[in-house]
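Down below is the structure, laid out as structure tokens.
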Amino acid sequence: MSYSQLIAKAREAQKKAYVPYSNFPVGAALLTKSGKIYTGCNIECASYGGTNCAERTAIFKAVSEGDKDIEAIAVVGATDEYTFPCGICRQVIVEYGKDIKLIIAKTEEEYKLFTIDDLLPNSFTPEDLDKPKGCC
Ligand SMILES: O=c1ccn([C@H]2C[C@H](O)[C@@H](CO)O2)c(=O)[nH]1
Ligand SMILES: [Zn+2]
């Protein structure tokens, strides 16, 4: 699965976005280390806080199927702008590994590559919970 193919899957998933409030559709496609793909779109809610981003939709689909070994996630919004994951999604992504690759794409040919550690440096991760707490 090439990055271009993963971006194409994200673009396809974007068509399912439910965005009556923002009219800002986003698509994501997640590749697992075993080669499976999970896609996601943003899903909004009249009670706005209930909105789920495309990235988290894809992650929650994967994790709920028992697939936590994430290799890469492609994200697409408008074709002429890069759409970066929000802070909440960055924190959810780093839960599954600092080396996860993010493919932030305008088109199948035009994209930027990052790791989640690039986008959320000095992050708080599950390993931090195992460190000495300095209190009882
Ligand atoms: O990376 C992003 C950025 C924004 N959104 C969604 C949330 C909301 O539905 C809309 C506007 O913020 O875009 C995503 O799904 N992913
Ligand atoms: Zn988000």
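Counting starts at 1 for both ligands and their atoms, in listed order. Please read these numbers as outputs of a predicted model, since none were measured by experiment. Computation of the quantities below employed the complete heavy-atom set of this structure, encompassing side-chain atoms and omitting hydrogens, waters and symmetry-equivalent molecules.
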Looking only at protein heavy atoms, which one is nearest to atom 6 (C) of ligand 1, and how far off is it? N42 ND2, 3.3 Å

Mind telling me whether Y111 and Y3 have parallel, tilted or perpendicular rings, with 30° and 60° as the class edges? perpendicular

Test your reading of the structure: does E55 have an N or O sitting under 3.5 Å from an N or O of ligand 1? yes

Same cluster (ILVMFWY, side-chain, under 4.5 Å), M1 and L113: yes

Ignoring hydrogens, just give me the one of R56, E44, R90 whose non-hydrogen atom is nearest atom 9 (O) of ligand 1. E44

In this structure, OH of Y38 is separated from CD1 of I70 (nearest 0.5 Å) by 10.0 Å

Calculate, to the nearest 0.5 Å, the distance between atoms CG and CD belonging to D99 and E71 respectively. 7.5 Å

The atoms of ligand 1 lying under 4.0 Å from a heavy atom of P85, numbered in the order shown, are 1 (O)

Between K61 (side chain only) and T39 (backbone N and O only), is there a donor and an acceptor less than 3.5 Å apart? yes

Please indicate whether any nitrogen or oxygen in T83 is less than 3.5 Å from any nitrogen or oxygen in ligand 1. no

Could you grab the distance from atom CD of E12 to atom CD1 of I7, nearest 0.5 Å is fine? 14.0 Å

State, to the nearest 10 degrees, the angle whose vertex is the Zn ion (ligand 2) and whose arms point to SG of C86 and SG of C89. 120°

Do me a favour and list the nearest non-hydrogen protein atom to atom 12 (O) of ligand 1 with residue, atom name and distance? F24 CD2, 4.8 Å

Same cluster or not: are V75 and L30 linked, directly or through other Ile, Leu, Val, Met, Phe, Trp or Tyr residues, by side-chain heavy atoms under 4.5 angstrom apart? yes

Enumerate the atoms of ligand 1 whose separation from the nearest heavy atom of S22 is less than 4.0 angstrom. 10 (C), 11 (C)

Look up atom OG1 in T125 and atom CG in L120, then write down how far apart they are to the nearest 0.5 Å. 10.0 Å

For ligand 1 and A54, I'd like to know whether there is a polar contact (N/O to N/O, distance under 3.5 Å). yes

F84 N/O to ligand 1 N/O under 3.5 Å: yes

Within-cutoff protein neighbour (heavy atom, under 4.0 Å) for atom 16 (N) of ligand 1: yes

In the protein, which heavy atom is nearest to atom 4 (C) of ligand 1, and how far is it? V26 CG2, 4.2 Å

